[in-house]
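Data first, discussion second: the structure below is written as structure tokens.
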Amino acid sequence: MTNSDLLGIAENFGKPLYVYESEKITSQYERLTSAFANVKNLRINYAAKALSNVSVLKFMRHLGAGLDTVSIQEVQLGLNAGFEPKAIIYTPNGVSLNEIENVAKLGVQINIDNLSVLEQFGTRHPKTPVCIRINPHVMAGGNSNISVGHIDSKFGISIHQIPHLLRIVENTAMKINGIHMHTGSDILDIDVFLHAAEILFDTAKHFKELEFLDFGSGFKVPYHKNDIETNIEELGEKLSVRFSKFCMEYGGELQLIFEPGKFLVSQAGHFITQVNVVKQTTSTVFAQVDSGFNHLIRPMLYGSYHHIENLSNPQGKERFYSIVGYICETDTFGNNRKIAEITEGDLLVFRNCGAYCFSMASNYNSRYRPAEVFWHEGQGHLISKRETFEDILRNQVELSFNL
Ligand SMILES: *Cc1c(COP(=O)(O)O)cnc(C)c1O
């Protein structure tokens, strides 16, 4: 998809606008499945929270993916998009036992990440197979910023608690059909990831009725021009060999699962905004767009980098700008960026806006959330409408005061 395609879409559907390219999603999906082509029973469960539009979920199903969900609402979205309950895994953190029971009733695979709920669930539903989320506590080079499931993380059951875990499983006679880890950090060092995988294998040996091993996600995609990304091909080669060796020893062909979000949709997404004001101060030139952290919060929430280009003047002389929003808070998208000369009214595009962008959008400042368009086979299809004033008032209850 070209920049002139994006301009055409903005003309048709208005701004600000999220656009997702189906072709990029497909190529990422195929890249991952090819890297693991030697695994007999591979499953890619798309992490719905990255981008949860029902049409995107349907597209994932069409590719052959299953679904990774973290709330009962995401489960319902998945069922609504036509996923079989069996193709959905539910990996919540800190939710009520009641919600977990309701999801289990739908026939969805449950993944439990704490001993308290495991014991209660196992006692009440010993026949429902459950997956266990472990925390492998692997540290990459001693740097806690890139640690893999660090010791104080709220996610997963610590591998130091395996004896306690085994006692609960034995006492309740519950069935454990899968072992899971999702470290949440970027897999840059393949050897560190393989080390965590060894811990998963070690844990798996304790259970006799396993059907799958779920290695979670953490695939890093490039945001910056010079960013390193996870070497999926190398990981595929090494982990496939190790996995099939494990299956031989285990005495059964298990399913290998990954649950990528960002890897599948990040680069497929483009966010188009329009410049309202170019404002020169003593030290900076601000370009203020018709957006803010109500639409794209990642730069402000965790300092993520999104490449920004001027769609309207691509050949213009490059100058330095701070790109900010229109929200009454500091909402800097990018500081001191070199961008082709910007004039008021120009359209800017933010890259890597497929994952955790629209799904984190809000109505702060009582602004509408943007529309979303799916670019498929050379055509733009609206997949969520721009909000209207009725949406802002929808759940508000107006009291009448007799003043
Ligand atoms: C968020 C999440 C993912 C997806 O992570 P990405 O970094 O987007 O690939 C996978 N599994 C679980 C359990 C998650 O919570």
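Hydrogens, waters and symmetry mates play no part in the numbers below; they use all other heavy atoms, side chains included. In each ligand, atom 1 is the first atom listed, and ligand 1 is the first ligand listed.
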[atom] - nearest protein heavy atom and its distance:
| atom | result |
| --- | --- |
| atom 9 (O) of ligand 1 | Ser217 OG, 2.4 Å |
| atom 2 (C) of ligand 1 | Lys49 NZ, 2.3 Å |
| atom 13 (C) of ligand 1 | Glu259 OE2, 3.3 Å |

Tell me the contacting part of Ala47 for ligand 1: side chain, backbone, both, or neither, using a 4.0 Å heavy-atom threshold, strictly below.
side chain
Using a 4.0 Å heavy-atom cut-off, say whether His182 meets ligand 1 through its side chain, its backbone, both or neither.
side chain
Option of least heavy-atom distance to atom 6 (P) of ligand 1 (set: Tyr90, Phe258, Phe263, Tyr356):
Tyr356
Under 3.5 Å, is there a donor-acceptor pair between the side chain of Tyr250 and the main chain of Lys208?
yes
Donor-acceptor check, side chain of Asn231 to backbone of Ile190, threshold 3.5 angstrom: yes or no?
no
Pair Glu309-Arg351, salt bridge (charged side-chain N to carboxylate O under 4.0 Å, His left out): steps then yes or no
CA-CA 8 Å; Glu309 290 165 45; Arg351 303 297 187 187; 3.1 Å; yes
Check for me whether Pro260 has a heavy atom closer than 4.0 Å to any atom of ligand 1.
yes
Test Asp346 against every option in Leu311, Ile339, Val278, Asn310 by the side chain to side chain contact (heavy atoms under 4.5 Å, CB included) rule and name the one that passes.
Asn310
Numbered atoms and elements of ligand 1 in range of [X], under 4.0 angstrom, heavy atoms:
| X | answer |
| --- | --- |
| Lys262 | 6 (P), 8 (O), 9 (O) |
| Gly261 | 4 (C), 6 (P), 8 (O), 9 (O) |
| Thr91 | 13 (C) |

Looking at NE2 of His295 and SG of Cys353, how far apart are the two atoms once the value is rounded to the nearest 0.5 Å?
12.5 Å
If you round to the nearest 0.5 Å, how far is CG of Asp191 from CD of Glu234?
7.0 Å
Under 3.5 Å: N/O of Arg133 near N/O of ligand 1:
no
Would Lys205 and Glu249 pass as an ion pair if we require N to O under 4.0 Å?
no
Just jot down the side chain to side chain donor-acceptor pair (under 3.5 Å) partners of Ser4, sequence neighbours excluded, or say none.
Thr2
